[in-house]
There are 2 protein chains.
Amino acid sequence: MATIKDVANKANLSVATVSRYLNDHPYISEDKKQRIKAAMEELDYTPSSIATQLRSKKGNMIGILVSRITNPFFSYLVDAIEKEAKKNHYNVLIMQTYDNKKSEMNMLELLKQQVIAGLIMCSVEGNPETIASYQEFGPIVLCNEQTSEALIPTVVTDQKQAVYDAMLYLADKGYQKIAYCTGGTLANEGHGRSRTEGFEQALLEKQLPIKRNWIFRQVHTSQDGAEVADKILHLPRLNRPDAVFTNSDEVAMGIMERMLQKKYQVPKDLAIMGFDNQPTTSLLTVPLTTIAQPVAALGSESTKLLLAKIKDGAYEVDQAHLKLTLIKRKSA
Amino acid sequence: MATIKDVANKANLSVATVSRYLNDHPYISEDKKQRIKAAMEELDYTPSSIATQLRSKKGNMIGILVSRITNPFFSYLVDAIEKEAKKNHYNVLIMQTYDNKKSEMNMLELLKQQVIAGLIMCSVEGNPETIASYQEFGPIVLCNEQTSEALIPTVVTDQKQAVYDAMLYLADKGYQKIAYCTGGTLANEGHGRSRTEGFEQALLEKQLPIKRNWIFRQVHTSQDGAEVADKILHLPRLNRPDAVFTNSDEVAMGIMERMLQKKYQVPKDLAIMGFDNQPTTSLLTVPLTTIAQPVAALGSESTKLLLAKIKDGAYEVDQAHLKLTLIKRKSA
DNA sequence: CTGAAAGCGCTAACAC
DNA sequence: GTGTTAGCGCTTTCAG
């Protein structure tokens with residue numbers, strides 16, 4: 001591998017001049033520029049970004065933390081972040097936490113070591129104070145996540161409002177007995193909580209019942225969804241919900257699949273609403289009514305915010321593009 | 001940020017000793033080990049992997065090149081690679097090519113710069129010779145891709161055999177008029193070509209017709225699939241295929257959706273076979289018969305091979321785990 | 001405009 | 001066992 005020194009020798013100049021050329025320094029005479037350029041090409045020279053990083057403390061890599069990349073929500077997020085990063089000549093280092101604090105700490109250490117110049121956390125496991133303390137080593141942005149206090153810059157959507165609107169949509173369609181699925185325990189924090197607030201507020205305002213056995217907690221997979229369907233079908237006919245809001249398309253698909261399999265009709269016997277607008281939801285026999293998250297905008301805004309902070313600049317997040325949208329299809 | 005020098009000072013030792021401690025060098029007296037450890041903790045010291053990399057030429061990051069991470073096949077691949085890498089204390093740098101040669105070259109440059117210690121290419125755009133030439137700077141492994149000549153180590157499955165077996169399965173079920181969808185042009189290279197070979201060989205052996213208007217080229221999306229369905233339905237009834245093999249689940253779903261929508265039955269009116277076994281294919285009204293690729297094994301074997309090469313070791317790829325599987329469901 | 005020289009934080013001979 | 005020292009490839013004063 002050719003080094004800057006080789007280039008300098010070949011061009012009969014000092015390394016300093018070559019370095020200046022590399023960094024677009026003003027005031028280099030045109031002929032020397034040409035000599036340097038020629039030498040570089042002849043030697044097939046590529047500057048070592050490792051050396052540059054050690055010396056100048058300026059890297060061009062950012063970290064992305066997700067819980068699992070195979071979840072389409074995250075892969076679309078990563079897609080958006082990678083695109084925006086690339087546009088600004090940054091590379092991305094990805095780490096999956098699998099809900100494990102240890103990986104998160106590893107990533108934070110990479111920030112401390114200056115391997116990454118900044119970090120976008122699309123998933124947070126650890127203690128907010130601890131995480132916030134790492135900001136000393138480089139900027140951190142929370143993407144679609146929130147800590148109780150404003151310790152870390154955040155890019156989020158208004159999930160409460162979205163669910164509130166979705167409930168009003170169901171109510172306006174005449175549904176009166178609305179069941180609710182959550183991934184959490186109902187009482188917990190995070191977007192689970194904001195969604196629940198939207199649900200509760202809407203039902204209260206519309207004076208619709210919130211019944212204990214229409215609430216399903218800790219449901220995550222399509223398998224869980226199938227079980228929810230079973231539970232609903234085991235309820236006495238008059239006591240059954242006529243619609244169900246789910247916290248994810250996977251769960252919604254699980255419920256729908258089981259209903260259809262048992263020869264019930266959707267939405268006639270049970271309206272189903274998903275969350276996420278995953279790629280295949282429009283391809284189902286009964287296309288799924290769901291809530292689309294502005295994934296691309298979440299990714300690009302987070303990245304823009306982070307890059308601004310890396311350059312000590314400011315960036316005003318564009319909330320207008322961060323709206324959730326109700327996707328009305330056939331299932332509800 | 002504390003440096004190795006600070007630690008050495010605090011522990012009243014030389015940087016060399018501290019460095020030895022860091023690298024698990026033998027022969028350091030126990031008491032000094034303790035002193036170093038204490039000093040490190042007190043200073044909250046973390047070694048700079050940038051400096052280590054510059055000096056020792058040994059990094060712990062590998063690159064992954066994919067065309068688009070939002071394609072589930074790739075996100076599952078990345079998942080497997082990331083897991084295996086993490087197990088060996090390697091981090092992953094991801095880049096999407098979006099079928100663009102430029103990004104591929106950028107990644108190759110990162111290898112040249114020693115930013116990454118090795119590269120797994122799950123997608124190749126450029127000229128094989130050019131790519132192969134970069135092996136001078138670090139190992140490269142092709143994952144689920146192949147170049148005409150054996151220029152680069154490769155981890156692949158036998159797609160020809162899989163499609164051959166799938167066609168036999170269809171034939172045994174009594175299907176005689178089999179249509180075929182490919183993403184390419186039929187004549188092109190890559191796995192498209194191997195699959196086509198399997199298709200052709202099976203039909204020849206079974207003496208089944210291969211008809212020009214039952215072959216569909218350049219189909220990629222579910223939208224393309226819907227169009228294929230339309231084309232099939234426009235054929236005179238007697239001239240219609242009774243089964244269709246597709247190159248991807250997306251296409252298969254598009255075909256199925258359109259058939260169902262037009263009140264045709266699957267598989268009665270048209271049997272449909274997908275490729276990839278994507279997450280939601282089992283949740284469709286007519287669950288999709290498809291071919292599952294051993295994604296996790298492809299990812300982990302590629303990674304093991306790459307890491308072995310990084311350490312100048314050898315690794316025998318475990319072909320037994322690289323089998324494609326026919327997933328028999330309802331659609332064919 | 002250009003060059004000499006001092007490091008960035010760490011490793012690896014080489015001495016003792 | 002441990003310390004001294006010379007760099008890895010680059011940027012950046014400080015002098016010309």
Side-chain angles (χ1 to χ4, degrees), chain A residues 1-37 39-40 43-61 109-117 137-138, chain B residues 1-40 43-61 89 109-117 137-138:
Chain A
M1 273 292 304
T3 75
I4 198 175
K5 209 170 164 183
D6 300 327
V7 175
N9 285 150
K10 181 139 239 147
N12 254 306
L13 289 165
S14 71
V15 292
T17 309
V18 179
S19 172
R20 286 189 186 100
Y21 174 87
L22 248 25
N23 296 283
D24 295 316
H25 209 83
Y27 314 133
I28 311 182
S29 60
E30 201 49 47
D31 68 314
K32 310 219 157 138
K33 276 190 191 167
Q34 293 312 321
R35 268 158 60 196
I36 294 175
K37 204 173 158 210
M40 284 183 175
L43 294 166
D44 189 24
Y45 169 77
T46 314
S48 152
S49 67
I50 297 293
T52 310
Q53 227 169 306
L54 176 59
R55 181 61 231 233
S56 69
K57 303 285 170 212
K58 283 183 178 71
N60 67 314
M61 187 139 55
E109 283 299 313
L110 293 181
L111 186 62
K112 185 169 169 188
Q113 292 177 29
Q114 307 290 4
V115 170
I116 53 177
F137 307 113
Chain B
M1 273 293 303
T3 74
I4 199 176
K5 209 169 164 185
D6 300 327
V7 176
N9 286 150
K10 180 137 241 147
N12 256 307
L13 290 163
S14 72
V15 291
T17 310
V18 179
S19 173
R20 287 189 186 101
Y21 173 86
L22 249 23
N23 295 285
D24 295 317
H25 209 81
Y27 314 133
I28 312 181
S29 60
E30 201 48 49
D31 68 317
K32 310 221 157 139
K33 275 190 192 168
Q34 292 314 319
R35 267 156 62 196
I36 294 174
K37 203 172 161 212
M40 284 184 174
L43 293 166
D44 190 23
Y45 169 78
T46 313
S48 152
S49 66
I50 298 294
T52 310
Q53 225 170 309
L54 175 59
R55 181 59 232 234
S56 69
K57 302 283 170 216
K58 284 183 179 71
N60 66 315
M61 187 139 56
H89 306 289
E109 284 299 314
L110 293 182
L111 186 61
K112 185 168 169 190
Q113 294 175 29
Q114 308 288 1
V115 171
I116 52 176
F137 308 114

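Chain letters run A, B, ... following the sequence lines, proteins first and then strands; every chain starts at 1. Side chains included, hydrogens not; waters and symmetry mates left out as well; all remaining heavy atoms used.
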Atom-to-atom span, [atom1] of [X] to [atom2] of [N] - whole angstrom:
| X | N | atom1 | atom2 | result |
| --- | --- | --- | --- | --- |
| B:Gln53 | C:dA12 | CD | P | 14 Å |
| B:Glu30 | D:dT2 | CD | P | 11 Å |
| B:Asn12 | D:dG3 | CG | P | 9 Å |
| B:Ile4 | D:dG3 | CD1 | C1' | 13 Å |
| A:Arg20 | D:dT12 | CZ | C1' | 8 Å |
| A:Lys5 | C:dA5 | NZ | P | 13 Å |
| A:Ile36 | C:dT2 | CD1 | C1' | 10 Å |
| B:Gln114 | D:dC8 | CD | C1' | 12 Å |

Heavy atoms only: give me the nearest A:Gly59-A:Ala117 pair and the separation to one decimal.
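Nearest heavy atoms, A:Gly59 then A:Ala117: O-CB, 4.3 Å.
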Quiz prompt | Heavy-atom closest contact (B:Ala8 atom, B:Ser14 atom, distance) | solution =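 So the two residues come closest at CB-C, 3.7 Å.
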Quick one: is [N] close enough that its OP1 or OP2 comes under 4.0 Å of any side-chain N or O from [X]?
| X | N | value |
| --- | --- | --- |
| B:Tyr21 | C:dT11 | no |
| B:Ser19 | C:dT11 | yes |
| A:Ser29 | C:dT2 | yes |
| A:Thr3 | D:dG9 | no |
| A:Lys32 | C:dT2 | yes |
| B:Lys57 | D:dC8 | no |
| B:Ser14 | D:dG3 | yes |

- Enter the inter-axis angle for the ends of the helix from C:dC1-D:dG16 to C:dC16-D:dG1 (five pairs per end, rounded to 10°).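 The value is 40°.
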- Task: Give, for atom OG of B:Ser48 and atom CZ of B:Arg55, the distance between the pair rounded to the nearest 0.5 Å.
- Result: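 Reported value, rounded in 0.5 Å steps: 14.0 Å.
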ask   = To the nearest 0.5 Å, how far apart are NZ in B:Lys10 and CD1 in B:Ile36?
value =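 The CD1 atom of B:Ile36 is 14.5 Å from NZ of B:Lys10, to the nearest 0.5 Å.
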Taking side chain as C-beta onward, heavy atoms only, is B:Tyr45 less than 4.5 Å from B:Leu22?
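In contact.
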Could you say whether A:Leu22 or B:His25 is positioned toward the 5' end of DNA chain D, judged by the nucleotide with the nearest heavy atom to each?
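Looking at the nearest nucleotide for each, B:His25 comes out on the 5' side.
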Nearest-nucleotide comparison on DNA chain D, the residue closer to the 5′ end among A:Ala16 and B:Leu13
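Upstream on the strand: B:Leu13.
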> Within the modelled atom types, does a donor on one side and an acceptor on the other bring the side chain of B:Arg55 and the base of D:dG9 under 3.5 Å apart?
Replying inline: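 Between D:dG9 and B:Arg55, which were checked side chain against base, a qualifying N/O pair under 3.5 Å is absent.
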Legend entry - Side-chain H-bond candidate by donor/acceptor type, B:Thr52 with B:Ser49, under 3.5 Å: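 There is no such pair between these side chains.
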*Taking the side chain of A:Thr17 as heavy atoms from C-beta outward, which of C:dC10, C:dG3, D:dG9 is closest to it?*
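Closest nucleotide to the A:Thr17 side chain: C:dG3.
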Quiz item: Nearest to the side chain of A:Val15, which nucleotide is it out of D:dT11, D:dG9, C:dA4?
Solution: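 Per side-chain heavy atoms of A:Val15, the pick is D:dT11.
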Between B:Gln53 (side chain) and B:Gln114 (backbone), is there a donor-acceptor pair under 3.5 Å?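 Yes: the side chain of B:Gln53 pairs with the backbone of B:Gln114.
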_Surrounding NZ of B:Lys112 (heavy atoms of other residues, nucleotides or ligands, distance under 6.0 Å), is the total greater than 12?_
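Correct, the count exceeds 12.
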